[in-house]
Amino acid sequence: MPQQATVTVQRKGDIAWVTLDNPPVNATSTALRARLLRAVGDVAGARAAVLRCAGRSFVAGGDMSEFDAPPKEPHLPDVVQAIEDSEVPFLALIHGNALGGGLEIAMACAWRIATPGTGFGLPEVNVGLIPGAGGTQRLPRLIGMEPAIDMACFGKVLKAEEFFALGGIDAIAERDLEQAAEDFLAEQPDRPLAVSRRPLMAYPADLIDEKRAQIAKRVKGQTAPFDNLDALRMAILPFSEAQPRERAKHLELRNSAQSRALRHAFFAERAVARPKAIEGVAPREIERAVVVGGGLMGAGIATAMLNAGLSVTILEQNIPAAKAAEARVHNLVKSARDRGKATSEQVSERFARFSVSEEYSAAAGADLAVEAVFEDVEVKSAVFAGLAAEMGEDAILATNTSYLDPREIFDGIANPSRCLGLHFFSPAHVMKLLEIVRMPETAPEVLATGFALGKRLRKVSVLSGICDGFIGNRMLAAYRREADYLLADGALPYQVDAAMRDFGMPMGPYELGDLTGLQIAWANRKRQAVTRPESERYVEIADRLCEQERFGQRAGKGWYLYEENSRKPMRDTAIEAMIKAYSAEKGIPRRNFTAAEISARLMAVLANEGARIVEEGIAESDAAIDVVKLHGYGFPRWRGGPMQHAKETGWGETARIMREVAAQSPGSWILSDRLLEES
């Protein structure tokens, strides 16, 4: 059972020590707020009160599990105000992080001392909210408007050293926090003016407009950054007038679709990290890994592993290929230094743990091998036969296949319990998503090791069963198929892409196809031709494009035209004419689709496919579907994922739209049980 929140008050001479303990991050739950408010009264008569937190952090935010219910007293603004108004001045001892409500509590204290590296932030914007206990009103009074905007509107977390330089804390404790508090209070300075009563620091007249332009450039569709900016601007008003307005807006936003979606994403990520299949299972230690294939994908995987502290060997088929792989990895590792993400010493240390070889014997003794070679069963199977001959029978073998059945790839390998899929997304050293594919024989310990590895690589790992394309690419295939139906029935590529950008996607399906290259999808369609149901409608427009060697940006032409050294897509009248001619050839009367119709149809297809994947047991939950789309395919986080979007839209409405989609292409879609129940 979870430990109950406690707040204890102890007297040491004329100092009251108030200790908050609400694992794991001391969130400001209703119980904690009530006990803290009581403690503010219990310190009466002391010369000063020290506020500290047990565990690994100071208060790191509110209890979001309470946000869907009506707020309960005592409300955080009242607790914060009680601390600030207390006749006994409070000293906050801060370690780990002071985020959201934690920073609001700290700012209500007369003084603040933090350990080196402590983080300070107002991350409410990340869940579609503004602070609700005076954060946007006290912070610009404490450190100035510009850094307050960066923290509240962009979610920037400042370290103690920077926050100290801005005047946000009074001291950085270079030794024991409690001793620092005793030393500070031994020479107790005069109590400063309460932060809420301080005048707003002056700022440039054009600062707000500049920051508004920055927000507009960085966020697409999300409204909370603008809400935070508007709240910060209210700091020109008296605190007693502005803070209640801030609180009212905070409560209003709790009930907004965007905040619900962002909170869903927050909890979904945590849920998928602990699948039922590995409950109570201890992972193995992985220190040395082999990556077979040193192309863009393999080099990215190797770089991610080096960055995480593993020793890595890339195996290639010959010496020139191995040297090319070595150069790719060196460039990727050095680029981290060039971007300020690694020091020269760290780069040198990573190079010391890296090697290349053209011999399978170099895999001997490794804990894990990942293949990143051509997407062909026979090629991949040959790789694992070579690895199995050199590695121990318990060494973990992982395929990076995007679509193929791992059971076929590992057929004949001794001890199949050590085999699984680790599907990285390109570029593998950047993209967060890792699909961990379980075979029927995969041992729980091996699966747990995959999740532990993903965490070490700072990936968001999602468990998947076996089907064509697993979770993400299976959904992508359905999405692209409906997009092609829209082309044949009346839309043009730029219209489909514009509709999806308006929805919040970073790019539409045709821009994305050109960016990633059209050859792989073409090869998959040809592979699937044998098993494609005869009743399923098949649109050949993309195939005809590829037959003309229009493979996308790298070829200078795909669905769009590209000028040399440019990634900007330009409409191609020849392709648009080809699409219209295809419709005429097939006797399809073309019709106009609005942007709303296009996005609604594509979202219905995604939700339907996601529901089928859950019903088939490929994914454990809707949360897994949403996390895959958020982290692997650029789905707008403020919409929560396709399943959350369908929930917000209403599953009944999603079913209605999906029935229209299915009726327009008879025999082409299987409706999920969930949508059939809504029919």
**Prompt:** Given D543 and R525, is the salt bridge (charged side-chain N to carboxylate O under 4.0 Å, His left out) satisfied, shown in steps?
**Reply:** CA-CA 9 Å; D543 295 350; R525 289 194 300 274; 2.8 Å; yes
What closest approach, in Å, do [X] and [Y] show between heavy atoms, and which atom pair accounts for it?
X: P275; Y: F451; answer: CG-CZ, 3.5 Å
X: E316; Y: A325; answer: CG-CB, 4.3 Å
X: L630; Y: A265; answer: CD1-CB, 3.8 Å
X: L447; Y: A277; answer: CD2-CB, 3.8 Å
X: A604; Y: I657; answer: CB-CG2, 3.8 Å
X: M305; Y: L457; answer: CA-CD2, 3.7 Å

Could you check whether [X] pairs with [Y] (Lys NZ or Arg NE/NH1/NH2 to Asp/Glu carboxylate O, under 4.0 Å)?
X: R612; Y: E609; answer: yes
X: E445; Y: R284; answer: yes
X: R407; Y: E441; answer: no
X: E540; Y: K526; answer: no

Kindly indicate whether a cation-pi arrangement holds for [X] with [Y], taking the cut-offs as under 6.0 Å to the six-membered ring centre and within 45° of the axis.
X: R481; Y: W669; value: yes
X: R544; Y: Y582; value: no
X: R674; Y: W651; value: yes
X: R270; Y: F266; value: yes
X: R532; Y: Y538; value: yes
X: R567; Y: Y562; value: no

**Request:** Any chance you could lay out the side chain to side chain donor-acceptor pair (under 3.5 Å) test for E536 and S668, step after step, and finish with the verdict?
**Result:** CA-CA 4 Å; E536 182 180 300; S668 300; over 6 Å; no
Heavy-atom check, side chain of [X] versus side chain of [Y], under 4.5 Å:
X: R537; Y: Y485; result: yes
X: I618; Y: V614; result: no
X: C419; Y: I413; result: yes
X: D497; Y: Y494; result: no
X: L606; Y: N608; result: no
X: P493; Y: L487; result: yes
X: I466; Y: P440; result: yes
X: L262; Y: N126; result: no

Parallel, tilted or perpendicular, judged at 30° and 60°: which one describes the rings of [X] and [Y]?
X: H645; Y: F503; result: perpendicular
X: F384; Y: F410; result: tilted
X: H423; Y: F470; result: tilted

Say whether, by atom type as modelled, one donor and one acceptor occur between the side chain of [X] and the main chain of [Y] under 3.5 angstrom.
X: E375; Y: Y403; value: yes
X: D626; Y: M643; value: yes
X: N331; Y: A327; value: yes
X: E408; Y: D405; value: no
X: S426; Y: A428; value: no
X: N400; Y: F424; value: yes
X: R550; Y: G558; value: yes
X: R418; Y: A414; value: yes
X: E615; Y: D673; value: yes

**Message:** Is there a side chain to side chain contact (heavy atoms under 4.5 Å, CB included) between I436 and L420? Walk through the geometry before answering.
**Reply:** CA-CA 7 Å; I436 299 182; L420 78 166; 3.8 Å; yes
More than 12 heavy atoms of other groups within 6.0 Å of [X] [atom1]:
X: I520; atom1: CD1; result: no
X: I670; atom1: CD1; result: no
X: E393; atom1: CD; result: no
X: E585; atom1: CD; result: yes

**Item:** Reference residue V292; test side chain to side chain contact (heavy atoms under 4.5 Å, CB included); the match among I314, T313, L315
**Value:**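 The passing option is L315.
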**Message:** Checking K647 against E653 for the salt bridge (charged side-chain N to carboxylate O under 4.0 Å, His left out) test, could you report, in this order, the C-alpha distance in whole Å, the side-chain angles of both residues, the deciding distance, and whether it holds?
**Reply:** CA-CA 10 Å; K647 178 182 176 182; E653 176 64 6; over 6 Å; no
**Request:** Applying side chain to side chain contact (heavy atoms under 4.5 Å, CB included), run through M603 and F635 and close with a yes or a no.
**Result:** CA-CA 11 Å; M603 287 304 105; F635 199 95; 3.5 Å; yes
**Request:** In sequence, state the C-alpha distance, the side-chain angles, and the governing distance for D367 and E285, and then conclude on side chain to side chain contact (heavy atoms under 4.5 Å, CB included).
**Result:** CA-CA 8 Å; D367 306 304; E285 291 291 329; over 6 Å; no
**Request:** Report the C-alpha distance between E597 and R601 in whole Å, list the side-chain angles of each, state the deciding distance to 0.1 Å, and finish with yes or no for salt bridge (charged side-chain N to carboxylate O under 4.0 Å, His left out).
**Result:** CA-CA 6 Å; E597 284 179 310; R601 283 173 173 244; 5.7 Å; no
**Message:** Test side chain to side chain donor-acceptor pair (under 3.5 Å) on Q528 and D468; report intermediate values, then the result.
**Reply:** CA-CA 9 Å; Q528 294 166 341; D468 200 307; 3.3 Å; yes
**Prompt:** Side chains of E390 and S361: donor-acceptor distance under 3.5 Å anywhere?
**Reply:**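 Short answer, no.
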**Request:** Run through K459, R637, K432 and flag the one making a salt bridge (charged side-chain N to carboxylate O under 4.0 Å, His left out) with E269.
**Result:**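 Testing each of K459, R637, K432 against E269, the sole residue satisfying salt bridge (charged side-chain N to carboxylate O under 4.0 Å, His left out) is R637.
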**Request:** Test N524 against R527 for side chain to side chain donor-acceptor pair (under 3.5 Å), laying out the working first.
**Result:** CA-CA 5 Å; N524 280 324; R527 177 179 59 83; 3.2 Å; yes
**Request:** For E648 and R260, run salt bridge (charged side-chain N to carboxylate O under 4.0 Å, His left out): C-alpha distance rounded to whole Å, both residues' side-chain angles, the deciding distance at 0.1 Å, then the answer.
**Result:** CA-CA 9 Å; E648 195 69 45; R260 283 194 295 270; 2.4 Å; yes
**Request:** Output, in order, the C-alpha distance, side-chain angles, deciding distance and verdict of side chain to side chain donor-acceptor pair (under 3.5 Å) for D484 and Y479.
**Result:** CA-CA 9 Å; D484 285 353; Y479 176 76; over 6 Å; no
